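Below you'll find the structure, written out as structure tokens, and then a few comments.
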Amino acid sequence: MTEKGKLIVISGPSGAGKSTVVNTAIQGREDMCFSTSVTTRSPRPGEVDGRDYFFITPERFREMVERNELLEHAEYVAHSYGTPRAYVEQQMEKGFNVILDIEVQGARQVREKMEEAVLVFILPPSMEELRRRLENRGTDSADVIEARLIRAREELKEAPLYDYVIVNDKLEEAASEFAAILKAERCRTAQRLQFINNF
Ligand code: ADP
Ligand code: 5GP
């Protein structure tokens, strides 16, 4: 039987470089997949429905919450975000490690439901650098950037909930730290019990 995959939760301020670090670290790996969230916010230029998010109406979002179709959900800067439960469960059953890029309230819900989930917090080297990255990314208006910076300070307070913290200063180093976390998690005794018992 295939070993069940792990759930890996990534959080950190928007613009910290979560997608960049994780994508760099898992390039070419076939044991990893991303969960696509649902959100009520509008697509940014270049974002594709079903790839970046499932863009849904607030009514549909409420319906998913009521039907318990979301593993976790939260409000973030005036919009709702959530993780569809079915995809995550199916992929883990097939042996894939599933990555959730979600904010801290959602991470807390995952921790409560799945104690064995691995929680990784990704930080920028400073608030000034975070502002620079958000501005350079060019995907958010000035108002939204201000709201994200205020939210970033709040999110930082939640970092102690996480198992690991990566400071994304040099991209290559941050990506190699993320890869090292995945490697260490594979060596956990709980992961190797089957091997030990059959030795
Ligand atoms: P998040 O997923 O956390 O919102 P992104 O991965 O979209 O963040 O990164 C935000 C911006 O910062 C992007 O323009 C990205 O290219 C840039 N970036 C990411 N990591 C670094 C880094 N280590 N050094 C400089 N710029 C970075
Ligand atoms: P963005 O609008 O920049 O794509 O995402 C805003 C924030 O929402 C980010 O911190 C991102 O990690 C978080 N987010 C994205 N999808 C989900 C989700 O399904 N659940 C939760 N709780 N947060 C999410």
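All ligand and atom numbering here is 1-based and tracks the order in the structure. Here the structure is a predicted model, which means the values were calculated and not measured.
In this structure, Gln109 has no heavy atom closer than 4.0 Å to ligand 2. In this structure, Ala16 is part of the shell of residues with a heavy atom less than 4.0 angstrom from ligand 1. Assignment of His79 to the shell around ligand 2 is not supported, since no heavy atom sits closer than 4.0 Å. Under a 4.0 Å heavy-atom criterion, Arg41 is in contact with ligand 2.
When heavy-atom distances to ligand 1 are checked against a 4.0 Å cut-off, Pro13 comes that close only through its backbone atoms N, CA, C and O.
Per-atom contact check: atom 9 (C) of ligand 2 does not touch the protein, criterion being a heavy-atom distance below 4.0 Å.
Closest heavy-atom approach to atom 12 (O) of ligand 2 among the candidates Leu71, Leu100, Asp101: Asp101. With distances taken over non-hydrogen atoms, the option nearest atom 20 (N) of ligand 1 out of Asn168, Leu123, Asp140, Asp169 is Asn168. Considering only non-hydrogen atoms, atom 4 (O) of ligand 1 lies nearest to Gly15 out of Gly15, Ser19, Gly138. When Lys18, Glu173, Arg133, Arg132 are ranked by how near their heavy atoms come to atom 18 (N) of ligand 1, first place goes to Arg133.
In terms of N/O distances under 3.5 Å, ligand 1 is not approached by Asn136. Geometrically, ligand 1 and Glu129 share no nitrogen or oxygen pair separated by less than 3.5 Å.
Distance alone, capped at 3.5 Å, places no donor-acceptor pair between the Asp140 side chain and the Ile145 backbone.
If you check which protein heavy atom lies closest to atom 20 (N) of ligand 2, you get Glu72 OE2, 2.7 Å.
Here Glu103 pairs with Arg151 in a salt bridge; the nearest charged N to carboxylate O distance falls below 4.0 Å.
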